[in-house]
Amino acid sequence: MTLLIIAYLGGALTILSPCILPVLPFVFARAGQPFVRSTVPMLIGMAATFSLVATLAAVGGSWAIHANEYGRLAAIVVLAIFGVSLLSPHVASIVTQPVVDFGNRLLNASGKSGSARTAASSLVLGVATGLLWAPCAGPILGIVLTGAALQGANLETTFLLLAYAAGAATSLAIALTAGGKIFAGMKRSLGVGERIRQVLGAAVLAGVAAIALGLDTGLLAQLSYASTTSFEQAVLDRLHAKSTADAPSKAASNDRTIAAADTKRPFRSDLPVGGPAPSLDGAVEWLNSPPLTTEQLRGKIVLVDFWTYSCINCIRTTPFIRAWAEKYKEQGLVVIGVHAPEFAFEKKIDNVRKAVDDFKIAYPVAIDNDYRIWRAFENSYWPAHYLIDAKGQIRYHHFGEGNYRQTEQAIQDLLREAGSEMAASAPVSPNAKGAEASPDLRNARSGETYLGYKRATNFASPENLQADAARDYSVAEPSLNEWGLSGSWTVGAEQATLNQPDGRIAYRFSARDLHLVLGPGPSGKPVRFQVTIDGKAPGADRGADIDANGDGTVTATRLYQLVRQSGDVEARNFEIRFLDSGVEAYAFTFG
């Protein structure tokens, strides 16, 4: 229920996002029409079609991508005709006459000619709008689509997407109701009904042009990244804080001290009880430890960390997890990393084992390739931290990066509650380097971008992505937060694979750090590459995985830090050129 509410609120927030602009003309073109017979059918058609297409795109293969491409073309044609009909009454008469005749024949017996025509035409426009609508994937829609990709096609996925679309439809309905009253008043007082109709027709054609040119998933998506993300994250934090306990969760205070008089009686933390901890059964393998069970861990304080090794947010959290595991080990803390893969390559246990060594992780790691532990905890995030007390009850959780001081205070509280008499100490402050260093969020204007067709956005090459087939691509100069390929590539569901040497990837970004998840492909043969920033060697702006000349080598499938701007953060043109074929590129992340 909580996720349904979150999805609904996330959809409602899209009215604040620039990505909604291209579909607004289609919606407002129905202003002044009967709300029940015109507005409601259109919004229903839009919500239902978006939910169906998004479900197929999240869990389907290349056939779903092709089907949606044809649907978008048909929808563009339909809405273009609709826009022209608004501009010209003569064209409108020609276009609508067959629909009018059909509706009249259907409803002659009931005497309701006209009502079905209005509802049917509105429903068709709603379906077309749903095929074209590409909302910006903020944190909330990202959770829904990630869950769909992990769990496959099911009723929960469809209901969540319907809730998201229903939220958008609700905010659009409110805006349309207010707009309809304004238009009606203008018609009555100024007698400019025909002029308003023509303006709306021009707006519809402008919306069609914006979508046909890809502005709805390019320029507007980059504007939206900073506009609604903070609102959506606030919704997530607020609702999830209430969902795991009968009483509101209380963040542990970092300033709490224990009075001398209180030391005579057992310490009791005020962290709420969130129910018994789920089972840890289901891991396909354990690293650094034999399999552990919740029964074996009774009497210990357990920190469960859901992570995956190429996730930049998880990587930046790892230094704190390591430090806590070491600092509080003798006091009774057990840290368990639950590795739940996002990409197929992260299911390879040897890859995870190497990552565990590279990150110097000494605590137990459960390989949750089948997501059984993930589902048992009803988790939806990388990273996610759950604290379990000595009685086996969940007492604290935190999703994402940050809140390190509060999390450490919660660890201390539960250790004291379990009987530890440790002395007060300052929170850990790990010396994180490279990709593990904390992000510069104040200057981050670029967001995670996937290169596989299942979740690819903001693609700037003039050639459309062709699923699972070799194709030559080219790219000139992408706009901010757009990327493109050049050379011969095969774009799969999760990654883009270079078929011949001298292939390139370009991205215009604005952030301190740029990372790219890369792999050498099935052969495992190292792939050499060169990075340039604004056409020059990176020099002092190089990332941890290249030298000052921009040279590096892909030797394993993992996240590579390629840029760390040393001065003021500004928009830059990034390009990576691969000297050898076979490389696999998965996702950009920033910090």
Side-chain angles (χ1 to χ4, degrees), residues 10 13-14 16-20 54 57-58 134-147 149 164 214-237 308 310-317 342-343 380-383 399-402 435 437-460 478-484 494-496 505-517 543 559-565 569-574 576 585-591:
L13 286 172
T14 58
L16 303 175
S17 166
C19 284
I20 202 70
C136 301
I140 291 177
L141 184 57
I143 290 171
V144 175
L145 294 179
T146 297
Y164 186 91
L215 297 180
D216 58 324
T217 56
L219 175 63
L220 296 178
Q222 80 187 37
L223 293 175
S224 180
Y225 181 72
S227 66
T228 59
T229 298
S230 59
F231 291 110
E232 294 190 22
Q233 192 61 53
V235 170
L236 291 174
D237 294 341
T308 187
S310 74
C311 162
I312 184 59
N313 309 94
C314 303
I315 292 172
R316 291 192 290 240
T317 302
E342 180 179 12
F343 296 109
S380 300
Y381 303 89
W382 292 287
F399 305 128
E401 299 179 63
S438 297
D440 180 8
L441 296 178
R442 293 179 303 173
N443 293 306
R445 296 175 55 205
S446 297
E448 187 169 26
T449 303
Y450 294 91
L451 277 62
Y453 64 73
K454 183 180 288 187
R455 289 185 279 179
T457 56
N458 300 349
F459 186 61
S479 298
L480 182 62
N481 292 334
E482 290 184 343
W483 64 280
E494 291 189 344
Q495 78 283 352
I505 305 174
Y507 196 121
R508 182 162 177 81
F509 75 103
S510 184
R512 186 193 66 190
D513 302 338
L514 179 146
H515 315 96
L516 182 56
V517 178
L559 180 143
Y560 290 78
Q561 186 185 74
L562 303 178
V563 177
R564 166 158 286 178
Q565 296 196 56
V569 174
E570 57 185 2
R572 310 289 291 273
N573 290 324
F574 165 87
I576 181 169
Y586 290 84
F588 284 97
T589 58
F590 303 89

At what distance, to the nearest 0.5 angstrom, does [atom1] of [X] lie from [atom2] of [Y]?
{"X": "L516", "Y": "T449", "atom1": "CG", "atom2": "OG1", "value": "10.5 Å"}
{"X": "C311", "Y": "F343", "atom1": "SG", "atom2": "CZ", "value": "9.5 Å"}
{"X": "E342", "Y": "R455", "atom1": "CD", "atom2": "CZ", "value": "4.5 Å"}
{"X": "Y507", "Y": "E482", "atom1": "OH", "atom2": "CD", "value": "9.0 Å"}
{"X": "Y450", "Y": "Q495", "atom1": "OH", "atom2": "CD", "value": "13.5 Å"}
{"X": "W483", "Y": "T457", "atom1": "CH2", "atom2": "OG1", "value": "8.5 Å"}

Geometric class of the F574/F509 ring pair [parallel <30°, tilted 30-60°, perpendicular >60°]: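 Rings of F509 and F574: perpendicular, as their planes differ by over 60°.
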
Taking all non-hydrogen atoms of both residues into account, name the closest pair between [X] and [Y] and its distance.
{"X": "S510", "Y": "S446", "answer": "N-OG, 2.9 Å"}
{"X": "R508", "Y": "A571", "answer": "NH2-CB, 3.5 Å"}
{"X": "Q565", "Y": "E570", "answer": "NE2-O, 3.1 Å"}
{"X": "Q561", "Y": "R564", "answer": "NE2-NH2, 3.6 Å"}
{"X": "P439", "Y": "G591", "answer": "CB-CA, 3.8 Å"}
{"X": "G484", "Y": "F459", "answer": "CA-CE1, 4.0 Å"}

State, yes or no, whether a side-chain contact exists between [X] and [Y] at a heavy-atom distance under 4.5 Å.
{"X": "I312", "Y": "L559", "answer": "yes"}
{"X": "R512", "Y": "N443", "answer": "no"}
{"X": "L451", "Y": "I505", "answer": "yes"}
{"X": "F588", "Y": "L514", "answer": "yes"}
{"X": "L480", "Y": "R445", "answer": "yes"}
{"X": "S310", "Y": "Y586", "answer": "no"}

